[in-house]
There are 2 protein chains.
Amino acid sequence: MINIKKILEEKGVKPSHQRITIMKFMLENKIHPTVEVIYENIIKELPTLSRTTVYNTLKLFELNGLVQPINTGDSELHYDITLDLHAHFKCIECNDIFDIDIVNNDFLDKVKDDGFNILDTQIYFRGICPKCKEKK
Amino acid sequence: MINIKKILEEKGVKPSHQRITIMKFMLENKIHPTVEVIYENIIKELPTLSRTTVYNTLKLFELNGLVQPINTGDSELHYDITLDLHAHFKCIECNDIFDIDIVNNDFLDKVKDDGFNILDTQIYFRGICPKCKEKK
DNA sequence: TATAATATTGTAATGATTACATTGTTGATA
DNA sequence: TATCAACAATGTAATCATTACAATATTATA
Ligand SMILES: [Mn+2]
Ligand SMILES: [Mn+2]
Ligand SMILES: [Zn+2]
Ligand SMILES: [Zn+2]
C-alpha cells in the first residue's frame, strides 16, 4: 500500500483531497489519460470536482516532476505517470497508447556529441497494435 | 531549377497559383514553418491570400504525401517538407527546430518484432542548441 | 459561350485550454 | 475557540488554433 500523501509532499505539493484522488487514479490506471478521462473517472467519487481543478492539478504535477505530458498529435494532451525514458505507440484502431521500452539509448550520445543539450526526449509511433492487427 | 508544378501534379494535386507559391516557400525555407509563418511570408506576394487557404493547402499536401506535420507540443502545428525518417530538436532559447539525422534505426526492428505495425515515427528533443549553449 | 467542377475566400463555429474572480478550506495564532 | 491569512477549488468567461460552411471566383470541358 503506497502512501500517496508522502509522494506529493516529497515533491513539494500539498496533499489536498482532490490532488490525492487524481494522483491515485494516475498510479492505478497507467493509461496515459487526458484531463477529460481523469475528470470522467473521478467525478463519481468527488461530485463537486471542477474540470479546472483537474487542469490545474496536472499542470502542477508536471511542474513538480510528478507527471509528464504526452503529445500524440490529437487535440487533447495526455499525461503519463511513468517518467523514465520510454517510447509510445498509439494504435489508430483501438486508440490505446502502449509503452515501448527503449533497449539502448546510444542514439542520444550522437546528439549530445553534436553539442545539443537535451532536456527532454519524446519518441512516438503511430500504427496498428498486435491485437488489432490480428483481428484483420 | 525545380519544376514545382510537376511535383504537385505527380502527387495528384492541381497546381494552382496559391499551391505553387506555398510549395515554393516550403522548398526554399526548410524551417518547419507553421501556417501563420507561411501566411506572413507569402501575403506580400499574394495579397488576397486567405489563412484558410494555407490551412487547406497544407492539409491537402499532408494527405497527398507532400509534407508531414510536426508536433512540438506548443500550440501551433509545424510542417516539414522533408519526409524521410529524421528527428527534431527544438531549442528552448531561440525556438529553432533542427533536423537530427538518425544514424541507425535498429530500434524500429524491436518494435516490429513485438507485433506492432508502424505507420509513422516521430522523434523529438527539447533543449538548448549548440549556438545558444555557447552564448552562456 | 455555357456549364460544371474545383479552388479561394471570409466569417462563423468549435473545442481544448487558460485567466480570472469568487468561494471554500486549512492551519497557525491569540 | 474565534480570527485571520494563506492556499485550494470552483465556475464562468476569454483565448486562440483550427475547422465548417457558404459565397464567390477560377478553371476546364463541351
Ligand atoms: Mn508511457
Ligand atoms: Mn525536419
Ligand atoms: Zn489496437
Ligand atoms: Zn538555440
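In what follows, every chain begins at residue 1, and chains take the letters A, B, ... in the order their sequences are listed.
A straight line from CG of B:L77 to P of D:dC16 spans 18 Å, rounded to a whole angstrom. Atom CD1 in A:I20 sits about 10 Å away from atom P in D:dA9, given to the nearest Å. When the P atom of C:dA7 is taken as reference, atom CG of B:L63 falls 13 Å away, rounded to whole Å. In this structure, B:N71 atom CG and C:dA16 atom C1' are separated by 14 Å, rounded to whole Å. Going from atom CG of B:D74 over to atom P of D:dC16 covers 15 Å, rounded to whole Å. Taking atom CD1 on B:I22 and atom P on C:dA7, their separation rounds to 13 Å, with Å as the unit. Between the OH atom of B:Y55 and the C1' atom of C:dA12 there is a distance of 15 Å, given to the nearest Å. Taking atom CG of B:L8 as the reference point, atom P of C:dT6 lies 17 Å away to the nearest angstrom.
A distance of 13.0 Å separates CD in A:E134 from CD1 in A:I128, rounded to the nearest 0.5 Å.
At the phosphate of C:dT25, neither OP1 nor OP2 sits under 4.0 Å from any side-chain N or O atom of A:Q18.
Counting only heavy atoms from C-beta on, A:K59 has its side chain closest to C:dT18 among C:dT9, C:dT18, C:dT8. In the set C:dA19, D:dA8, C:dT8, the nucleotide with an atom closest to the side chain of A:R19 is D:dA8. Of the candidates D:dA9, C:dG10, D:dG11, D:dG11 carries the atom nearest the A:S50 side chain, counting heavy atoms from C-beta on.
Among the protein residues, B:E36 comes within range of no part of the nucleic acid, since none of its heavy atoms lies under 4.0 Å from any strand. The residue A:T53 sits close to a base: some heavy atom pair falls under 4.0 Å. At the heavy-atom level, B:R51 lies nowhere under 4.0 Å from the strands shown. Among the heavy atoms of the strands lying under 4.0 Å from B:T48 are primed sugar atoms or P, OP1, OP2 only; no base atom is included. Across all strands shown, B:S75 has heavy atoms under 4.0 Å from sugar-phosphate atoms exclusively, and none from any base.
Cluster annotation: A:Y124 is not connected to A:V67 through the hydrophobic network of ILVMFWY side chains, with a link wherever side-chain heavy atoms come within less than 4.5 Å. B:I7 and B:I42 end up in the same hydrophobic cluster when Ile, Leu, Val, Met, Phe, Trp and Tyr side chains are linked at under 4.5 Å.
Interface remark: the B:S16 side chain does not form any donor-acceptor pair with the D:dT27 base, using a distance-only criterion of under 3.5 Å.
Residue order along DNA chain D, read from the 5' end via each residue's closest nucleotide, puts B:E76 first among B:E76 and B:N56.
Checked by atom type and distance alone, the side chain of A:N64 never pairs as donor or acceptor with a backbone atom of A:L66 at under 3.5 Å. A:N3 contributes a side-chain N or O that, together with a main-chain N or O of A:K5, makes up a donor-acceptor pair within less than 3.5 Å. Judged by distance alone, with hydrogens and angles left aside, the side-chain atoms of B:D80 form a donor-acceptor pair with the main-chain N or O of B:T82 at under 3.5 Å.
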Anything under 3.5 Å between a protein N or O and an N or O of nucleotides 28-30 of chain D, put it in a table, one pair a line.
none

Review point. What do the steps show when you test A:Q122 against B:Q122 for side-chain hydrogen bond (donor to acceptor under 3.5 Å, both in side chains), and what is the final call?
Key: CA-CA 8 Å; A:Q122 296 289 332; B:Q122 296 290 331; over 6 Å; no
Side chains of residues 92-100 of chain B: which donor-acceptor pairs under 3.5 Å do they make with residues two or more places apart or in other chains?
{"from": "B:E93", "atom 1": "OE2", "to": "B:K136", "atom 2": "NZ", "distance (Å)": "3.2"}
{"from": "B:D99", "atom 1": "OD1", "to": "B:H32", "atom 2": "NE2", "distance (Å)": "3.0"}
{"from": "B:D99", "atom 1": "OD1", "to": "B:H86", "atom 2": "NE2", "distance (Å)": "3.0"}
{"from": "B:D99", "atom 1": "OD1", "to": "B:H88", "atom 2": "NE2", "distance (Å)": "3.2"}

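The strand DNA chain C forms stems, runs of 3 or more Watson-Crick or G-U wobble pairs with distances below 3.5 Å, at C:1-30 with D:1-30.
Between B:E9 and B:K14 there is no salt bridge, since no side-chain nitrogen of the basic residue lies less than 4.0 Å from a carboxylate oxygen of the acidic one. B:D114 and B:K110 are joined by a salt bridge, as a carboxylate oxygen and a charged side-chain nitrogen come within less than 4.0 angstrom of each other.
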